[in-house]
Amino acid sequence: MKIVFMGTPDFSVPVLERLIKEHDVICVYTRVPKEAGRGHELKKSPVHLVAEKYGIEVRTPKTLRNDTAQEEFRALKADVAVVAAYGLILPKPVIEAFKYGCLNVHASLLPRWRGAAPIQRAIEAGDEKSGVTIMQIVEALDAGAMYQKGEVAITPDMTGGDLHDKLSLMGADLMSDVLSRIDEIKPQPQNEALVTYASKLEKEEEKLDFTMPAMFLEYKIRAFNPFPATYFEYQGERFKVLKAKVVDAHAQSGVIIEGKTALQIACADKALEILQIQRQGKRMMQIDELLRGFEFQKNTQLA
RNA sequence: CGCGGGAUAGAGCAGUCCGGUAGCUCGUCAGGCUCAUAACCUGAAGGUCGUUGGUUCAAAUCCUUCUCCCGCAA
């Protein structure tokens, strides 16, 4: 089976590597290298680097919405395109270019969490399970028929990063399996009544709002770990919060209940005890490490 | 050349602006107290202040080279 792979971030890499080992990847599409990081250097995507390592042709069109790009795509004469977090919308001519169309790895149990940030949204919402769905790509976003699903339990200590890694590996397994017996599987349509959307993560969401219930914030902190991470501001300095737990303490929302032996901040109902933190300019560290040389003033009201 | 912060004892920090014996909390080690303790008391060890060069009577501190870490923004 000749495959065209389309993907961009770390999530896509295990899928690509698996397909390279077990199938025939003839070309890789990924987002163009862009300015990123300090100094705005041009950075190739993780998928780009892996493809180069294996000596596979890499294409980085800015869009697929024109005849030239579509013709080049069709000219590959592959059997199927496998898409994993590519980052570009696929127009109809691309979707229908090959015999088996385009198969997608989506990091949720569809139809729940269609959209951009299914991994984080699942944890943020307090879901007890998540998973991966292998599905057909259609024009409507994440709405295609489903070939196969795999479930993962979301444990109380699982972060967005943890779940991301698990789903990524599971996606590689499932996709490889589906491709091996694609003619035997009859894809199932999604139940439109159960659809929910996972909107992309916005900057404003990263700031902790202590007028929310503590449990809600704990979910969010976990979901946003390690990226993009939540934060609060204390004396003009930004502190990223990577891990916290709900404790039974009460005070006005946003007030620091304890800041020397531990860091407890009051929320709408109970309080949040911060366990892992990253001070501006410093590494991420356990809270007790920071508190050896730094003290948060008790009773300070955080904005 | 996008903007900015940082590197000081095993850990976390202060000291740097305004050069003048390197400090705090914790940990470690020794001793003491205690039925006992992650408790308490006493004492000790542990740092060429990231690297290079310079200014100076004198540099953690001022200027300079390089390396590494990080926040923002994209």
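Chain A is the first sequence line, chain B the second, and so forth, proteins listed ahead of strands; every chain is numbered from 1. Quick caveat: nothing in here was measured; it's all calculated off a predicted structure.
Straight-line distance between the C1' atoms of B:C29 and B:G46: roughly 10 Å, to the nearest whole Å. Across the C1' atoms, B:C24 and B:C49 are found 16 Å apart, a figure rounded to whole Å. Atom P of B:U61 sits at a distance of 11 Å from the matching atom of B:U51, rounded to the whole Å. Taking the C1' atom of each, B:A60 and B:A7 are spaced 12 Å apart, rounded to whole Å. The gap from the P atom of B:A11 to that of B:C18 amounts to 31 Å, rounded to the nearest Å. Comparing the P positions of B:G71 and B:C13 gives a spacing of 14 Å, expressed to the nearest Å. A gap of 14 Å separates the P atoms of B:G53 and B:A59, to the nearest Å. Nucleotides B:A74 and B:C66 are separated by 28 Å at their C1' atoms, to the nearest Å.
Across the protein-nucleic acid pair, A:E206 atom CD and B:A73 atom P stand 7 Å apart, rounded to whole Å. In this structure, CZ of A:F294 is placed 14 Å from C1' of B:G6, rounded to the nearest angstrom. The distance from atom CE of A:M285 to atom P of B:G6 is 15 Å, rounded to the nearest whole Å. For A:E204 and B:A73, the CD to C1' distance is 14 Å, given to the nearest whole Å. Distance, A:Q235 CD to B:G71 P: 21 Å, rounded to whole Å. Nucleotide B:G2 holds its C1' atom 14 Å from the CG atom of A:L42, rounded to whole Å. For A:E35 and B:C3, the CD to C1' distance is 14 Å, given to the nearest whole Å. At whole-Å resolution of the value, CD in A:Q280 and P in B:C69 are 18 Å apart.
The side chain of A:A36 has B:A74 as its nearest neighbour among B:G12, B:G4, B:A74. In the set B:G2, B:A73, B:C26, the nucleotide with an atom closest to the side chain of A:R292 is B:C26.
Contact annotation for A:M284: no contact, since no heavy-atom pair falls under 4.0 Å across all strands. If you check every strand for non-hydrogen atoms under 4.0 Å, A:Q278 touches sugar and phosphate atoms only.
B:A9: no Watson-Crick or G-U partner with both key distances under 3.5 Å is found in any strand. Across all strands shown, B:C3 is found opposite B:G71 as a Watson-Crick or G-U wobble partner, with both distances under 3.5 Å. With a cut-off of 3.5 Å on both pairing distances, B:A58 has no Watson-Crick or G-U wobble partner at all. Here B:C40 sits opposite B:G32 as a Watson-Crick or G-U wobble pair (both hydrogen-bonding atom distances under 3.5 Å).
Along RNA chain B, the nucleotide nearest to A:G39 and the one nearest to A:L290 differ in position, and the one closer to the 5' end is contacted by A:G39. Between A:E41 and A:K240, the residue anchored closer to the 5' end of RNA chain B is A:E41, taking for each the nucleotide with the nearest heavy atom.
Taking the six-membered ring for Trp and the full ring otherwise, the centers of A:Y29 and A:F5 sit at least 6.0 Å from each other. The distance between the ring centers of A:Y231 and A:F239 does not fall below 6.0 angstrom.
Rounding to the nearest 0.5 angstrom, the gap separating the CD atom in A:E124 from the CG atom in A:L201 is 7.5 Å.
Summarising the local packing, CE of A:M285 is surrounded by more than 12 heavy atoms from other residues, nucleotides or ligands at distances under 6.0 Å. Heavy-atom contacts from other residues, nucleotides or ligands closer than 6.0 Å to CZ of A:F227 number 12 or fewer.
Distances shown here put every side-chain N or O of A:K43 at or beyond 4.0 Å from the OP1 or OP2 atom of B:A74. Note on A:R279: every side-chain N or O is 4.0 Å or more away from OP1 and OP2 of B:C70. For A:R283, a side-chain nitrogen or oxygen approaches OP1 or OP2 of B:G12 to under 4.0 Å. Dashed line: the shortest gap from a side-chain N or O of A:K282 to OP1 or OP2 of B:C13 is under 4.0 Å.
With salt bridges taken as basic N to acidic carboxylate O contacts below 4.0 Å, none links A:E218 and A:K245. Under a 4.0 Å N-O distance rule, the pair A:R222/A:D157 does not qualify as a salt bridge.
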